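Inspection log for the structure reproduced underneath, given as structure tokens.
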Amino acid sequence: MRLSQYFLPTLKEDPKEAEIASHRFMLRAGMIKQNGAGIYTWLPMGLRVLRKIENLVRYHQDSVGAHECLMPTIQSADLWKESGRYDAYGKEMLRITDRHDREMLYGPTNEEMITDVFRSYIKSYKDLPKNLYHIQWKFRDEIRPRFGVMRGREFLMKDAYSFDLTKEDAVYSYQKMFLAYLKTYTSLGLRVIPMKADTGPIGGDLSHEFILLAETGESEVYVDEKWMDMDLSGKDVFYKSRGQLDKFFKEMTSVYAATDETHDGVGAPANLVKTRGIEVGHIFYFGTKYSESMKALVQNKEGKTVPVEMGSYGIGVSRLVGAIIEANHDDAGIKWPASVAPYNVGIINLKVSDEETTCVCEELYKNLQAANVDVLYDDRDTNAGGKFADMDLIGLPWQVIVGPRGLKSGVVELKKRATGEKHEVSLESVMNTLTTDIKDITQGF
RNA sequence: CGGAGUGUGGCGCAGUCUGGUAGCGCACUCGCCUGGGGGGCGAGGGGUCGCAAGUUCAAGUCUUGUCACUCCGACCA
């Protein structure tokens with residue numbers, strides 16, 4: 001993409017409403033525009049990142065046998081009356097009426113709806129297990145939205161729902177998701193720690209929050225120092241091997257990690273680290289809470305009708321955009337992990353009016369595109385300073401800096417955004433370095 | 001919802017106390033210079049001062065109401 005043709009409204013100054021780094025940088029880097037409290041437009045650059053995250057989440061859900069569907073944003077109140085949550089949910093639920101005065105709502109979550117989908121078709125234990133998920137916009141009318149997309153009212157969420165005959169099977173489904181979650185976060189370039197969570201009003205007795213450690217995190221967390229250098233990727237674990245998965249799950253959940261709410265000091269190790277974190281996922285086993293009230297029943301082997309065992313598994317996709325920035329930035333801007341970067345490489349043309357410089361840039365731009373590298377080419381006819389600043393701000397993993405000075409000796413500058421390392425390299429080796437690096441990324445998950 | 005603030009050109013702000021020509025920086029347009037970390041000179045365009053009533057000869061400024069947004073708290077992915 002040529003920057004001169006693109007829609008990338010970067011801001012030089014900090015918008016006054018943005019307090020934390022991710023919010024500030026998302027506004028400044030032209031990723032989002034606020035339309036109301038906790039409601040945002042995703043501009044082209046922001047949308048690219050959102051989509052990349054979404055696709056990685058999707059990939060890992062599919063990998064453990066979950067099936068994607070897409071449920072509506074607007075739901076009928078009837079289902080919620082059935083489950084009893086229409087009254088229980090309170091003001092967070094945005095309630096609306098249609099022209100016939102029917103009670104509707106903008107979905108804050110989808111347990112009722114998915115249960116209704118399930119019960120309409122599945123009647124036998126032979127059709128179990130099933131896991132259905134969707135990635136959809138939700139709305140919760142938070143009292144006080146804040147921190148940009150980290151705590152918006154409208155947000156993109158992946159929600160999966162598992163259906164099993166027995167509790168034992170439901171636990172297996174839970175563990176599969178647990179594994180998928182760790183793989184997902186690893187692919188996003190994040191270290192995320194599973195923590196035993198309070199099951200709250202939803203009930204059930206098995207629940208984990210997935211917490212990204214970050215100083216600007218919303219809640220205090222207490223973790224065993226061991227987590228800091230543990231392998232969290234689950235890369236050697238195959239979900240179909242139930243024994244292997246169970247062993248992995250037990251390993252991961254035996255090391256101490258607790259949020260503020262669940263930390264009581266009991267069983268805490270000596271080498272406890274107190275830090276802060278951002279919740280980027282939450283999984284629940286809740287048994288028959290909805291299947292009983294909503295009559296999602298199947299017949300078991302004995303011909304007896306029983307409610308299905310359910311679990312739900314959420315990942316805040318839009319929130320992750322902010323969370324990733326919280327974990328990956330410096331004073332100048334964002335430092336995208338390669339797998340979610342909006343573009344892999346940015347080319348900076350330092351002097352558009354210089355024929356050779358522009359010629360080299362064009363050539364490089366063409367070649368990188370031909371090599372399947374997502375490249376953003378800053379071909380704007382402006383001064384260098386602004387280009388450097390913008391490129392650092394938007395945080396692409398690699399920058400190729402091309403100017404007359406270097407070209408005199410046949411080199412360009414290659415800069416790695418994450419570390420700030422800069423090297424003068426020949427044109428040929430630029431192509432090599434970049435295409436090899438990109439290949440590594442795309443094979444990474 | 002309790003507490004605290006803010007609404008003035010696209011963005012960031014001054015002007016409001018003490019009513020009297022609506023201003024600054026950046027951005028934008030045109031021209032020239034410049035060209036390796038937000039550059040320089042010159043010439044321009046753009047604002048019913050959130051909205052509505054009221055007081056006044058006169059309201060960005062005073063009064064009342066209202067809306068929006070932000071921050072702290074309780075709540076939450």
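Order of the sequence lines sets the chain letters (A, B, ...), proteins ahead of strands, with each chain counted from 1. Computed from a predicted structure; not experimentally measured.
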Closest to the A/Ala37 side chain, choosing from B/C1, B/U70, B/A27: B/U70
If we ignore angles and hydrogens, is there a donor and acceptor under 3.5 Å between the side chains of A/Glu279 and A/His282? yes
P atom, B/G47 versus B/G35: distance in rounded Å? 37 Å
With respect to the phosphate group of B/C69, does any side-chain polar atom (N or O) of A/Arg144 fall under 4.0 Å of OP1 or OP2? no
Does the A/Thr259 side chain pair with the main chain of A/Val221, one donor and one acceptor, at a distance under 3.5 Å? no
Can a side chain N or O of A/Lys16 be found less than 4.0 Å away from OP1 or OP2 on B/C13? yes
Polar side-chain contact A/Asp392-B/G37 base: donor and acceptor under 3.5 Å: yes
Is A/Phe155 stacked on the base of B/A77, with ring centres under 5.5 Å apart and planes under 30° apart? yes
Rounded to whole Å, the CG-P distance (A/Asp141 to B/A77) equals 15 Å
Would you mind telling me which of B/C76, B/G36, B/G12 lies closest to the side-chain atoms of A/Glu142? B/C76
Pairwise C1' distance for B/C28 and B/C11, with rounding to whole Å: 12 Å
Counting only side-chain N and O atoms of A/Arg146, is one of them less than 4.0 Å from OP1 or OP2 of B/A74? no
When you compare B/A77 with B/U66, how far apart are their P atoms, in angstrom units rounded to a whole number? 34 Å
Can you see whether A/Phe248 has A/Lys250 sitting over its ring - NZ or CZ less than 6.0 Å from the centre and within 45° of the normal? no
I'd like the C1' distance from B/C62 over to B/U16, given in whole Å. 10 Å
Say you pick atom P in B/A43 and the same atom in B/C24; how far apart are they, in whole Å? 13 Å
Please pick, from B/A74, B/G38, B/U70, the nucleotide with the shortest atom-to-atom distance to any side-chain atom of A/Ile143. B/A74
What's the gap between B/U8 and B/G44 when it is taken at their P atoms, as a whole Å value? 27 Å
Which class fits the ring pair A/Phe286 and A/Tyr290: parallel under 30°, tilted 30 to 60°, perpendicular over 60°? perpendicular
What interatomic distance, in whole Å, is found between C1' of B/U70 and the corresponding atom of B/A53? 27 Å
